[in-house]
2 protein chains.
Amino acid sequence: MYSIGQIARRTGIKVPTIRYYEQMGLIDPPGRSAGNQRRYDEAGLERLGFIRHARALGLSIDMIRDLISLAQDKEMPCDRAHEIAAQHAAHIRQKIARLQRLEAELTRIENSHDSGTVGDCHVLAALTDHSLCMSEH
Amino acid sequence: MYSIGQIARRTGIKVPTIRYYEQMGLIDPPGRSAGNQRRYDEAGLERLGFIRHARALGLSIDMIRDLISLAQDKEMPCDRAHEIAAQHAAHIRQKIARLQRLEAELTRIENSHDSGTVGDCHVLAALTDHSLCMSEH
DNA sequence: CTTGAAGCTATAGTTGCTAGAGACATTAGG
DNA sequence: CCTAATGTCTCTAGCAACTATAGCTTCAAG
Ligand SMILES: [Zn+2]
Ligand SMILES: [Zn+2]
Ligand SMILES: [Zn+2]
Ligand SMILES: [Zn+2]
């Protein structure tokens, strides 16, 4: 039996975050000590490890809840898990593409040197005026 | 004189967002009609255009507020503007790098095929266990 | 002068936590 | 066994940058 602090140390998830995950329904409410403190078993530890890794990979709380519920029955087909992963990967790729467009514009803006006063600052002009941009973003 | 709705249409910023920007101190509170409705002039329109483009480039409200205040005096040196832009570009580059690491892992996970049941799903296993990952993320 | 669209304020919800307050529980040392 | 230090409890509020709703007032066209 682990206290919430021990679980926090072992998983690297902060104590309030663990309570938050419980509130969000990602973990089953654990048993309690005589004094009403949470006591976790190995299953709880494992579950939190899963959540930690899934969050580190960028999955949302909702996706994680779905994955957990469909992982309950080992006999079920896992298509939905693949679907969630693919959907998330697509989302990440979109984000990357958008950020790369921003990065290109920002690099261009960064490299435009000027006389050094606000009045004719190329950086400020470029931030103001999208028509100076080379692409959409 | 433009109403808030006209400004919204011209800038592509939603009406509640314009009011929010006013509350955040990004735009000077505009004059009001006899019936207490906001009335904007060209300066207000231009300011909102600046905010819109800066937000589209990913700058935070705080950065934008700083840029606006330092752009007030045309005679001042613009070093700080360059600094803010560079700082933001660096931040975007960091984000891209992190997302690319995630993307690599997710692609690997996506491409791992399996028998199709939850019990031995490679996707679920990979999401659970970081030791199956090829890199940090 | 009426009516429907647009505007007003204030409040709450979104996401994924994080930080505090104030009270109670546990544990290690003496 | 007692005490002090640390840990844990619940509840509430805050972050960023909006978005949505409710209930009301104002505007502009016909
Ligand atoms: Zn400059
Ligand atoms: Zn642009
Ligand atoms: Zn599978
Ligand atoms: Zn991993």
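Both backbone and side-chain heavy atoms feed into the values below; hydrogens, waters and symmetry mates do not. Lettering of chains follows the sequences in order, A, B, ..., and the numbering in each one begins at 1.
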Completion exercise
Atom CD1 of B/I4 and atom P of C/dT9 are separated, to the nearest Å, by 9 Å
Handout entry: Length of the CD-P vector between B/Q6 and C/dA6, whole Å
Key = 11 Å
Problem - Presence of B/S33 side-chain N/O under 4.0 Å of D/dC27 phosphate oxygens OP1/OP2 - result: yes
Exercise for the section: Using distance alone, with no hydrogens and no angle criterion, decide if A/S60 and A/R55 have a side-chain donor and acceptor under 3.5 Å apart. Expected result: no
Exercise for the section: Could you walk me through whether A/Y40 and A/L45 pass side chain to side chain contact (heavy atoms under 4.5 Å, CB included), step by step? Expected result: CA-CA 7 Å; A/Y40 297 87; A/L45 187 61; over 6 Å; no
Completion exercise
Here the residues of residues 38-56 of chain B within 4.0 Å heavy-atom distance, strictly under, of DNA chain C are B/R38
Fill in the blank from the handout: Looking only at C/dC8, D/dA17, C/dG16, the nucleotide nearest the A/S60 side chain is C/dG16
Exercise for the section: Please confirm whether the backbone N or O of A/T11 pairs with a side-chain atom of A/R52, one donor and one acceptor, at under 3.5 Å? Expected result: yes
Handout entry: Residue met sooner reading DNA chain D from 5', once B/G58 and B/G35 are mapped to nucleotides
Key = B/G58
Practice task
Starting from C1' on C/dA23, measure out to CG on A/N36 and report it in whole angstrom.
Solution key: 12 Å
Practice task
Rounded to the nearest 0.5 Å, what's the gap from CG on A/L102 to NZ on B/K95? Could you check?
Solution key: 9.0 Å
Exercise for the section: Name the closest nucleotide to the B/K14 side chain, picking from D/dT19, C/dA25, C/dG7. Expected result: D/dT19
Problem - Distance in angstrom units between B/Y21 OH and D/dT19 C1', rounded - result: 12 Å
Exercise for the section: Please check if any side-chain donor atom of B/E110 sits under 3.5 Å from a side-chain acceptor atom of A/H82, or the reverse. Expected result: no
Practice task
May I have the distance from B/L26 (atom CG) to D/dA16 (atom P), rounded to whole angstrom?
Solution key: 13 Å
Problem - N or O in side chain of A/R19 less than 4.0 angstrom from D/dT10 OP1/OP2 - result: no
Handout entry: Donor-acceptor under 3.5 Å (B/H122 side chain, B/D114 main chain)
Key = no
Problem - Given C/dT9, D/dT8, C/dT18, the nucleotide with the shortest approach to the side chain of A/Y20 - result: C/dT18
Handout entry: CD/A/Q6: more than 12 non-hydrogen atoms of other groups inside 6.0 Å
Key = yes
Handout entry: Rounded distance in Å - CD (A/Q23) to P (C/dT18)
Key = 14 Å
Completion exercise
Between CZ of B/R9 and P of C/dG7 the distance, given in whole Å, is 7 Å
Practice task
Could you tell me the separation between the CD atom of A/E22 and the P atom of D/dC11, rounded to a whole number of Å?
Solution key: 12 Å
Completion exercise
From the candidates D/dG7, C/dC17, C/dG7, the one with an atom nearest any side-chain atom of A/Q37 is D/dG7
Exercise for the section: Compare the minimum distances between each of C/dC17, D/dC18, D/dT8 and the side chain of B/T17, then state the nucleotide with the smallest one. Expected result: D/dC18
